[in-house]
Peer 1: 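I am attaching a structure below and will ask some questions about it afterwards.
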Amino acid sequence: MATPNYSYEKRQRELAKKRKAEEKRQRKLNGKPDDTAAGDEPQAEGEAGADPAAPADPQT
């Protein structure tokens, strides 16, 4: 029976983590221009503090 190659598995986990972090960074960068463009327009009174991405009910 072959022994597991832990170094390979660790490297794959590290690469996956880096890939995920890079995708998250790209999403944030791509989301910023849209948010600033929407921020220039006046909002209604009820929408002033509302963030559509935030959960409506905070976790306890």
Side-chain angles (χ1 to χ4, degrees):
M1 180 180 224
T3 59
N5 187 350
Y6 293 114
S7 297
Y8 176 79
E9 292 175 8
K10 182 178 180 182
R11 178 72 177 142
Q12 294 303 309
R13 285 193 306 270
E14 290 173 351
L15 290 173
K17 190 182 292 187
K18 283 185 180 182
R19 197 175 319 119
K20 185 175 179 183
E22 179 64 21
E23 289 172 0
K24 184 176 181 181
R25 188 181 73 80
Q26 287 296 323
R27 281 195 310 269
K28 283 187 174 184
L29 288 175
N30 292 338
K32 289 291 183 184
D34 295 338
D35 293 339
T36 57
D40 293 341
E41 299 173 8
Q43 295 179 343
E45 290 181 40
E47 299 175 4
D51 183 8
D57 187 30
Q59 297 177 354
T60 56

Peer 1: State which residues pass side chain to side chain contact (heavy atoms under 4.5 Å, CB included) with Lys17; sequence neighbours excluded, sorted by chain then number.
Peer 2: none
Peer 1: Sequence neighbours left out, what passes side-chain hydrogen bond (donor to acceptor under 3.5 Å, both in side chains) with Gln26? Give chain and number order.
Peer 2: Glu22
Peer 1: So, using side-chain hydrogen bond (donor to acceptor under 3.5 Å, both in side chains) as the criterion, who are the partners of Arg19 when residues are at least two apart?
Peer 2: none
Peer 1: Please list, chain by chain and in numerical order, all residues satisfying side chain to side chain contact (heavy atoms under 4.5 Å, CB included) with Lys24, sequence neighbours excluded.
Peer 2: Arg27, Lys28
Peer 1: Could you list the donor-acceptor pairs under 3.5 angstrom formed by side chains in residues 4-11, with sequence neighbours left out?
Peer 2:
{"residue": "Asn5", "atom": "OD1", "partner": "Ser7", "partner atom": "N", "Å": "3.4"}
{"residue": "Asn5", "atom": "OD1", "partner": "Tyr8", "partner atom": "N", "Å": "3.3"}

